[in-house]
**Q** 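Mind looking over this structure? Questions follow.
Positions are given from 1, in the same order as the sequence printed here.
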Amino acid sequence: MVPGLFQGLTQESAGMKETGSVPPVIGLLDRVLAPVALVCGGATLIVMIGLSVINVLIMRKALNAPIQGAEDIMILLLVVIVALSIPLGARAGSHIEIEVLASRMSPGFAKWSMILMKLLGIALLTAMTWRLWHAGQNAERFGETTQQLLISYEPFYYLLAISVALYALVIALDIWQLLRSDKVVNLKIDGGTA
């Protein structure tokens, strides 16, 4: 890892251990999840941009000879970006929550209704993880491949299954935080917490 690239994240996480606002397991998850998602996602995005520029502007428009299978690669790279962003978005609190009635609820009822919703979310994500893993196991047998290059979807199903499982873990850790302190401390991408 590049020295100093995620310095704010590690310093903030170390400070949180001392104050006790975020348990060490969540600090560890933050220190692993953010750099992996940001570096790998950024690298994937750079490859996508480069491939788009080369394929569309140079090969297709200038030379009238587009790269065969470029669309297949772009779709698979997009799946990678989505898979990397799901658990990080959950940890950063970036996913949409609709809290229409929260201001009208008592704090105790709001807390327990949030816990109930998060438990339902874990159940749904667990089922999704299982089905994605199962789809990955059967992808080659059913011939699930890209259209032009015939790249199997199997590893991408596994990547999505791991990503959704990490999302379920983040929600479980949110429940743990709610039970400990009545609020969830989210990760700020710049290295702090919100």
Side-chain angles (χ1 to χ4, degrees), residues 1-10 29-98 121-171 173-174 186-191 194:
M1 185 162 53
V2 179
L5 184 61
F6 297 101
Q7 187 173 5
L9 177 66
T10 56
L29 180 68
D30 291 348
R31 284 192 303 275
V32 171
L33 191 61
V36 167
L38 293 174
V39 170
C40 294
T44 305
L45 190 58
I46 289 169
V47 170
M48 283 181 71
I49 292 169
L51 181 60
S52 294
V53 168
I54 291 169
N55 186 42
V56 174
L57 294 179
I58 298 170
M59 298 302 292
R60 184 170 301 202
K61 298 294 181 188
L63 302 176
N64 199 23
I67 299 171
Q68 288 293 333
E71 291 83 11
D72 289 355
I73 294 171
M74 294 292 286
I75 290 169
L76 295 177
L77 290 175
L78 187 60
V79 170
V80 171
I81 288 176
V82 168
L84 290 170
S85 67
I86 289 172
L88 181 64
R91 185 63 195 104
S94 299
H95 297 300
I96 297 172
E97 289 182 5
I98 300 172
I122 290 173
L124 175 68
L125 292 171
T126 302
M128 285 177 62
T129 300
W130 169 61
R131 293 308 301 166
L132 282 166
W133 197 266
H134 182 68
Q137 291 173 332
N138 293 319
E140 193 155 332
R141 186 173 66 158
F142 291 126
E144 294 187 38
T145 62
T146 59
Q147 291 183 8
Q148 295 176 355
L149 298 178
L150 301 178
I151 300 170
S152 175
Y153 287 145
E154 181 179 4
F156 300 95
Y157 278 125
Y158 292 144
L159 180 62
L160 285 170
I162 292 167
S163 175
V164 172
L166 284 173
Y167 187 7
L169 173 65
V170 168
I171 292 177
L173 292 172
D174 286 352
N186 291 320
L187 172 70
K188 284 176 52 181
I189 302 300
D190 67 355

**Q** Rounded at 0.5 Å granularity, tell me how far CD1 in I73 sits from CE in M48.
**A** 11.0 Å
**Q** Once rounded to the nearest 0.5 Å, what's the spacing between atom CD1 of I54 and atom CD1 of I49?
**A** 12.0 Å
**Q** Could you give all pairs that pass the salt bridge (Lys or Arg N to Asp or Glu O under 4.0 Å) test and reach residues 46-67, with sequence neighbours left out?
**A** R60-E71
**Q** Do M128 and Y167 come within less than 4.5 Å of each other through their side chains, counting heavy atoms only?
**A** no
**Q** Going through the distances and angles, do Y157 and W133 end up as a side chain to side chain contact (heavy atoms under 4.5 Å, CB included)?
**A** CA-CA 6 Å; Y157 278 125; W133 197 266; over 6 Å; no
**Q** Looking at every non-hydrogen atom in both residues, tell me the closest pair between S163 and I86 and how far apart they are.
**A** OG-CB, 3.3 Å
**Q** I need the minimum non-hydrogen distance between A83 and L159, along with the two atoms involved.
**A** CB-CG, 3.6 Å
**Q** Which atoms form the tightest heavy-atom contact between F156 and I151, and what is the distance?
**A** CE1-CG2, 4.3 Å
**Q** For L38 and L88: C-alpha separation, side-chain torsions, deciding distance, then whether side chain to side chain contact (heavy atoms under 4.5 Å, CB included) applies.
**A** CA-CA 9 Å; L38 293 174; L88 181 64; 3.9 Å; yes
**Q** Do you know the tightest heavy-atom contact between L150 and T146?
**A** N-OG1, 3.2 Å
**Q** If only atom types and distance count, is the side chain of T44 paired as donor or acceptor with the main-chain N or O of L77 below 3.5 Å?
**A** no
**Q** Just how far is it from atom CD of Q68 to atom CE of M59, taken to the nearest 0.5 Å?
**A** 10.0 Å
**Q** To the nearest 0.5 Å, what is the distance between CG (L84) and CG (L45)?
**A** 11.0 Å
**Q** Within a strict 4.5 Å, meaning less than it, do heavy atoms of the I67 and L51 side chains meet?
**A** yes
**Q** Listed by chain and number, what are the salt bridge (Lys or Arg N to Asp or Glu O under 4.0 Å) partners of R131, not counting sequence neighbours?
**A** none
**Q** Mind listing the closest non-hydrogen atom pair of G69 and Q148 along with its distance?
**A** N-OE1, 2.7 Å
**Q** Is there a side chain to side chain contact (heavy atoms under 4.5 Å, CB included) between L76 and V80 once you walk through the steps?
**A** CA-CA 6 Å; L76 295 177; V80 171; 5.8 Å; no
**Q** I'd like to check L169 versus L166 (side-chain heavy atoms, cut-off strictly below 4.5 Å). Are they in contact?
**A** yes
**Q** Tell me whether Q137 at atom CD has more than 12 heavy atoms from other residues, nucleotides or ligands lying less than 6.0 Å away.
**A** yes
**Q** Are the side chain of E144 and the backbone N or O of A139 linked by a donor-acceptor pair below 3.5 Å?
**A** no
**Q** Side chain of N55, backbone of A70: donor and acceptor closer than 3.5 Å?
**A** no
**Q** Please test I162 against L132 for side chain to side chain contact (heavy atoms under 4.5 Å, CB included), starting from the C-alpha separation and ending with a verdict.
**A** CA-CA 9 Å; I162 292 167; L132 282 166; over 6 Å; no
